[in-house]
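I have placed the structure first, in the form of structure tokens, so that the comments after it can refer back to it.
The sequence lines fix the lettering, A, B, ..., with proteins before strands; numbering per chain opens at 1.
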Amino acid sequence: MEEILQDLNNKQREAVEYLDGPLLVLAGAGSGKTRVLTYKIAYLLNKEVVKPWEVLAITFTNKAAKEMKERAINLIGEKANEVWLGTFHSVCVRILRREIEPLGYGKDFNIFDELDKDKVIKEVVKKLNFDEKQYSPSYVKYEISKAKNEMKDSKKYRESVIGDYRREKIADIYELYQMTLKQNNALDFDDLLMLTVELFVKFPDILIRYQSKFKYILVDEYQDTNKIQFLLISMLSSVHGNICVVGDESQSIYGFRGADISNILNFENEFPNAKVVKLEENYRSTQNILNAANHVIKNNKSKIDKKLWTQNDEGKKIEYKTLNNEYEEVEYIVDKIDEICKDEKMTYSDFAVLFRTNAQARVLEEVFMRSGTPYKLIGGLKFYSRKEIKDLTSYLKLIQNTNDNIALKRIINEPKRGIGDTAIDRLDRLAEQKGVSIFELIQDSSNLEGIRSAGNIIMFRDMINNFKKAKDELLVSDLMKLILKESGYEDMLNAEPSKESEMRFENLMEFIGVAMEFEKESADNSLQDFLESIALVSDVDKLDESAEAVTLMTMHSAKGLEFNVVFLVGMEEGLFPSKKSIEEDEKCEEERRLCYVGITRAKKKLCITNVSKRTLFGSTTYAIPSRFISEIPEELFDEASKDNISLKKRKQEKFLDNEYSQVEKMINNFDRYIEVKPKSNNSFGINVNSFLSSIKTNSTKAPTNNNTNKYVVGMYVKHKKFGKGVIQKIEPEDDDLKLDIMFEQSGFKRLMANYTPLEIVK
DNA sequence: AAAACGCCGGTTTTT
DNA sequence: CCGGCGTTTT
């Protein structure tokens, strides 16, 4: 053990060896906090202070848990396998699978994702006859989630909102929502935590069991824990007080989902006699990068006094470049990556491109693909929310837990079996009347009297019953194949030979691949475990570090990771910091912490980009450089970037003074106009002068009629969507022409000349 | 019952 | 600009 501890610096070692009660490790970015946790686990087990299964270690992602376990095994061998290591959510599931029954749920509960929740809320709002606009799933979900994170059930929530009409209605929705979940034997994400706490409160004997089981508790990323998570660990550790939390308040970036920075700021009050160890030496980044990060975070008022320093070299200067639009921004990055690869002998996996919003991923993906640069996109398009994946998952969920009406309703007529909405509604209501699940209801054929599709429903029911029988005999991946075959899903896709169904089939194959992967690594590979694994994995969990490709992800997802070269893109006011955060100081400080996280991901080189014009929601607006750029001292940038900074400062002032001229406005509009059209296409015959004069009166609308003499009957034209066609008839209408066109593939269409992008074919 | 059309709202960030 | 959803059309 001694020689293992040699790997640590004095502070790290102090944190590892301290075992007498609560310990708060304030660990700056790159100061080796994961290392401390891993070594501490090893130390605890090696010294035989506690048994492996008496250690509870909580990480932020499953991936972090897995890595920590691997490293601990490397240090002290296989016994580290027995440690309870996971995220708050996965640990709670593990507890609830054993203990949930006293709360009135079955052990085989399903976990509802966001889409399932939306469905339930919509159903409930409809049932209560509330206005579906006013009580949208997004708003209702937010309120319910907030309530659950404050440990309020619907009753407590109702008490807390007396007098607030709208929220009183939410209380009604919450109540029925929760009842529905229970009927479905389903838990949402917040329930996993809330019900665990509820269980401990209602059944103290269960709490006592876990209190005496977990003799040492460790929590990583403590700055991002919320009230209920705090409650959990304080309950579990209240007897022995052996709790070690590690965090960095400068990296607290999950306030929007209830993370409470006061957990870390008040740790010493909540856990009296707590020892505090600060880790301030950074091993990750160059001095320039660390300097930049320190200067940015300095602008936040609320923070614990802590100074990060490094013995590393000064390193490369920071680069900053402004491009015309988001496409050029990514094209620049792609070129830059190739350049750095060549000059610095790096490979694609050394790079990460970090952005603020998922919407930015689209352009990134497009340009990376086009340029042939290998990339791995984290998050982005949601694999598990694709229709075909949701469908197959619903089959599995129903087989696992037949109370899941949401899953049943999704697939009872998918593929089409002639079971219509009226029939499903009737079943739904009848089941509710009888207080049973739909699946239970249809077990008894006499319940189907008077329903036209009764025969089809019986066939469906028998099929699911057969799957249930097969469930325990088959590997999950084989069960999936069986479902696709027997349900007719595969036939349905094959029947329609389109690119779309081909894609769907490929996605399903990929999904089966995920299951096979899962079977490989888990000894206990039940259907339930598989469903759990797909419900609880985060996007980063799927990150394959060995793949030789550039990583593209949000700054949030990048937490805890590091890369040799980091690009921070879209550094513009309104995007980063986000529009919504700008008004509130507190929220803007969270954005600044996020920026700090982004910068400190970089080991050797940092590149910052933004654009002067950004298209969002289909319309283009001028962008102003992010305030965070000006918070980085100019001398940390390279020469070329400095020019950019001073230029941008001038431009920013101009905008703030609202002084840009009419001429500039016109140019702005003109730019936008020509951007919309295909670059090489000049067939519109735009008269620049008349166009410019038209925007004075009519700033952004389509041009006035200039098509009068352009088209004649019999002329061949090409439309972007409809393809090639011939003009059959031309009729003037107001300022425009009405064209009747027969398209070769798409058939007859009537189009207005001024609004249709038509190309004349000779 | 299924395709086609048209309107609306959404972009912060996620276990 | 996109996807989801309700309405209309075949």
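The side-chain contact (heavy atoms from CB on, under 4.5 Å) check on A:D131 picks up A:K133, A:Q134, with sequence neighbours excluded. By the salt bridge (Lys or Arg N to Asp or Glu O under 4.0 Å) test, A:E114 is found to be paired with A:K117, A:K141, residues two or more places apart in sequence or in another chain being considered. In this structure, the side-chain hydrogen bond (donor to acceptor under 3.5 Å, both in side chains) partners of A:E123, at least two apart in sequence or on a different chain, are A:K409. In terms of the side-chain contact (heavy atoms from CB on, under 4.5 Å) criterion, residue partners of A:K122 (sequence neighbours excluded) are, by chain and number, A:P137.
Residue A:D224 contributes atom CG, which lies 16 Å from atom P of B:dT13 at whole-angstrom precision. A:D113 places its CG atom 13 Å from the P atom of B:dT15, with the value rounded to the nearest Å. The nearest whole Å value for the distance from the CG atom in A:D191 to the C1' atom in B:dT15 is 14 Å. Atom CD1 of A:I228 is separated from atom P of B:dT14 by 22 Å (rounded to the nearest Å). Remark: C1' of B:dT11 and CD of A:E326 are 14 Å apart, rounded to the nearest angstrom. Rounded to an integer number of Å, the gap from CE of A:M555 to P of B:dT13 is 12 Å. Across the protein-nucleic acid pair, A:N413 atom CG and B:dA1 atom C1' stand 9 Å apart, rounded to whole Å. In this entry the distance linking CD of A:E114 with P of B:dG10 reads 16 Å, nearest Å.
Mapped onto DNA chain B by nearest heavy atom, A:Q229 and A:L616 fall at different nucleotides, with A:L616 at the one closer to the 5' end. Along DNA chain B, the nucleotide nearest A:D421 and the nucleotide nearest A:F189 are compared for position; the residue whose nucleotide lies closer to the 5' end is A:D421.
Residue ring and base: A:F617 counts as stacked with B:dT11 (centre distance below 5.5 Å, interplanar angle below 30°). Centre separation under 5.5 Å together with a plane angle under 30° holds for the ring of A:F256 and the six-membered base ring of B:dT13, marking them as stacked.
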Could you write out each protein N or O paired with an N or O of nucleotides 3-7 of chain C at a distance under 3.5 Å?
from, atom 1, to, atom 2, distance (Å)
C:dC5, OP1, A:K122, NZ, 2.6

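Ion pairing between A:K148 and A:D153 fails under the 4.0 Å rule for side-chain N and carboxylate O. A salt bridge does not link A:E150 with A:K227: every distance from a Lys NZ or Arg NE/NH1/NH2 to an Asp or Glu carboxylate oxygen is 4.0 Å or more. Between A:D391 and A:R386 there is no salt bridge, since no side-chain N of the basic residue sits under 4.0 Å from a carboxylate O of the acidic one.
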Given side chain to side chain donor-acceptor pair (under 3.5 Å), test A:N263 with A:T225 step by step and report yes or no. CA-CA 7 Å; A:N263 279 355; A:T225 53; 3.0 Å; yes

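At least one side-chain nitrogen or oxygen of A:S557 sits closer than 4.0 Å to the OP1 or OP2 atom of B:dT14. Contact annotation: A:N358 side-chain N/O to B:dT13 OP1/OP2 distance is under 4.0 Å. Distances shown here put every side-chain N or O of A:S578 at or beyond 4.0 Å from the OP1 or OP2 atom of B:dT13.
Backbone-only engagement by A:Y254 is indicated by non-hydrogen atom pairs under 4.0 Å involving sugar-phosphate atoms exclusively. If you check every strand for non-hydrogen atoms under 4.0 Å, A:F576 touches nothing. Residue contacts for A:E590: at a heavy-atom cut-off of 4.0 Å it reaches no nucleic acid atom on any strand shown.
Distance from the side chain of A:K416 is smallest to B:dA2 among B:dT15, B:dT13, B:dA2. Taking only side-chain atoms of A:K133, from C-beta outward, the nucleotide of B:dG9, B:dT15, B:dT11 with the closest atom is B:dG9.
In this structure, A:M463 and A:S487 approach most closely via the heavy-atom pair SD-CA, 3.7 Å.
C:dG4 sits 16 Å from B:dT13 when the P atoms are compared, rounded to a whole Å.
Taking the centre and axis of the six-membered ring of A:F109, the NZ or CZ atom of A:R97 falls inside the cone set by 45° and 6.0 Å.
Side-chain N/O atoms of A:Y375 and A:E365 include a donor and acceptor closer than 3.5 Å.
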The dot-bracket string of DNA chain B, counting Watson-Crick and G-U wobble pairs with both distances under 3.5 Å, using [ ] for crossing pairs and | for pairs to another strand, is ||||||||||.....

